[in-house]
Amino acid sequence: MPELPEVETVRKGLENKMLHGVVSSLELRREGLRYPFPIGFSDSVVGRTIVSIDRRAKYLLIRMSDGLTWIVHLGMTGKFTLYQNDSELESVGGFAKHDHVVIKLESGVIAIYNDPRRFGFMDLIDTDGEQNHRHLANIGCEPLSDDFHAQALAFELKGKKTPIKTALLDQRIVAGLGNIYVCEILYRAKISPKRSAKYVAGANQQVSHRCENIVSHTKDVLREAIIAGGSTISDFAAVDGDLGYFAHSFRVYGREGEVCLGEKCEGVVKRITQAGRSTFYCPQCQK
DNA sequence: AAGCGAACCTGGCTGC
DNA sequence: TGCAGCCAGGTTCGCT
């Protein structure tokens, strides 16, 4: 389910209840998710302290004592639910279908990872070797960091024939954008998703106003979504990273056949398929 | 080499 | 009520 803002919301929720906690048990209720769990998973984690919880792109990085990092990717349907203690878990009827991983802390807190489609995965790595990890090695810059600016984006897009929609979904170009937010960003930037990346990058030696547009709208959309996620989960009991919190703010995604929300635009939102994914856009105001 | 489509899974919704 | 078909927010693999 989650794109960058949802993963960030989950990160905050876990941090709120689990930071500085010591893992007392790890129960794996199946062999793996998308990939098998790492060998010796439970033994490696039990007894360690959670030192910090970070995020890179859509990856959660749970930093454990003594240089171990626990990587979690939520895939499409991964979520965590947190309970204060055993009795709180029992009060909701215990485990649910697709509860795959159960983390218990010495404080009594329980975190349950649930993932119906099992596109998510978990892995353990040495924190030192993080740059070399197959999933983290080739990821582009964080869109909310100062490194993400118009020149940097133009450099990445330069010479690419692929549509801008597909390019922005490429995690090597920018980290953490997914299908929904890319649609929303291009809508706000008034750029057609069908434009080639190189067209958006513009001519050599100049900073494309289109890239500036995309960068500023990217930061806006992500920040708004993170705020929406954070404000909705007042009590962090469940950290499900559901896009529902921001869904009412979608201006184009999922609005096929509806009138464009743009000022004075009478266009109708269209849905097309690009690289196997649905793209929603307004052919009238996105040029 | 870049750029597609398919594959990995389950569940929810639509239409017959 | 049942069932087939299509869709889903991600990532990787393999073929052109």
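Note: hydrogens, waters and symmetry copies are ignored here, and every other heavy atom, side chains too, is used. Proteins get letters first, then strands, A, B, ... in listed order; numbering begins at 1 in each.
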Original post:
If we only count heavy atoms from C-beta on, is the A/K198 to A/K161 side-chain gap below 4.5 Å?
Top reply: yes
Original post:
OP1 or OP2 of C/dG9 less than 4.0 angstrom from a side-chain nitrogen or oxygen of A/T77, does that happen here?
Top reply: no
Original post:
Taking OH from A/Y59 and P from C/dG10, how many angstroms apart are they, rounded to a whole number?
Top reply: 12 Å
**OP:** Tell me yes or no: between the side chains of A/S278 and A/R271, is some donor less than 3.5 Å from an acceptor?
**Re:** yes
Original post:
Between A/R134 and A/F121, is NZ or CZ placed under 6.0 angstrom from the six-membered ring centre and within 45° of the ring axis?
Top reply: no
Original post:
A/K58 has an atom NZ; how far is it from atom C1' of C/dG10, in whole Å?
Top reply: 6 Å
Original post:
Hey, which of these two, A/T273 or A/R172, hits DNA chain B nearer its 5' end, going by closest nucleotide?
Top reply: A/R172
Subject >> Partners passing side-chain hydrogen bond (donor to acceptor under 3.5 Å, both in side chains) against A/Q274 (at least two apart in sequence or in another chain) >> reply: A/T279
Subject >> Whole-Å distance separating the CG atom of A/L60 from the P atom of C/dG10 >> reply: 15 Å
Subject >> Length of the line joining A/Y35:OH and C/dG10:P, which is rounded to integer Å >> reply: 15 Å
Original post:
For atom C1', what is the distance between B/dG3 and C/dG9, given to the nearest Å?
Top reply: 22 Å
Original post:
Is a salt bridge present between A/E8 and A/R11, judged by a nitrogen-to-oxygen distance below 4.0 Å?
Top reply: yes
Original post:
Taking atom P in both B/dA1 and C/dT11, what distance in whole Å separates the two?
Top reply: 24 Å
Original post:
Please walk me through it: do A/Y187 and A/F250 pass ring-ring contact (aromatic ring centres under 6.0 Å, His included)?
Top reply: CA-CA 10 Å; A/Y187 175 75; A/F250 295 162; over 10 Å; no
Subject >> P gap between B/dA6 and C/dC6, integer Å >> reply: 13 Å
**OP:** Could you summarise the pairing of DNA chain C as dot-bracket text, marking Watson-Crick and G-U pairs under 3.5 Å with ( ) or [ ] inside the strand and | across strands?
**Re:** .|||||||.|||||||
Subject >> Residue pair A/I53 / A/V10, side-chain heavy-atom distance below 4.5 Å >> reply: no
Original post:
A/P163 near the nucleic acid: base, sugar-phosphate alone, or nothing, with a heavy-atom cut-off under 4.0 Å?
Top reply: sugar-phosphate
Subject >> d(CG, A/L169; C1', C/dT12) in whole Å >> reply: 15 Å
**OP:** Give the intermediate values and the outcome of side chain to side chain donor-acceptor pair (under 3.5 Å) for residues A/D123 and A/H133.
**Re:** CA-CA 10 Å; A/D123 202 3; A/H133 189 266; 3.1 Å; yes
Original post:
When the distance from CZ of A/R277 to P of C/dC6 is rounded to whole Å, what number comes out?
Top reply: 18 Å
Original post:
Looking only at side chains, do A/N179 and A/K165 share a donor and an acceptor under 3.5 Å apart?
Top reply: yes
Original post:
For the side chain of A/R271, counting heavy atoms from C-beta on, which of C/dC7, C/dT12, C/dG10 is nearest?
Top reply: C/dC7
Original post:
Which part of the nucleic acid, if any, lies within reach of A/R34 when heavy atoms closer than 4.0 Å are counted: base, sugar-phosphate only, or nothing?
Top reply: base
Original post:
Looking for any heavy atom pair under 4.0 Å, which part of the strands does A/Y253 touch: base, sugar-phosphate only, or nothing?
Top reply: sugar-phosphate
Subject >> salt bridge (charged side-chain N to carboxylate O under 4.0 Å, His left out) evaluation trace for A/D54 with A/R63 >> reply: CA-CA 7 Å; A/D54 301 333; A/R63 311 295 190 186; 2.9 Å; yes
Subject >> A/Q171 side chain near C/dT11 phosphate (N/O to OP1/OP2, under 4.0 Å) >> reply: yes
**OP:** Using the heavy-atom set of chain A and a strict 4.0 Å cut-off, write down the first and last nucleotide of DNA chain B that makes it in, 5' to 3'.
**Re:** B/dG3 to B/dG11
Original post:
What's the CG-P distance between A/D115 and C/dT11, to the nearest Å?
Top reply: 13 Å
**OP:** Look at the side-chain N and O atoms of A/H73 and state whether any lies under 4.0 Å from the OP1 or OP2 oxygen of C/dT11.
**Re:** yes
Original post:
Atom NE2 of A/H135 and atom P of C/dT11: how far apart are they, to the nearest Å?
Top reply: 10 Å
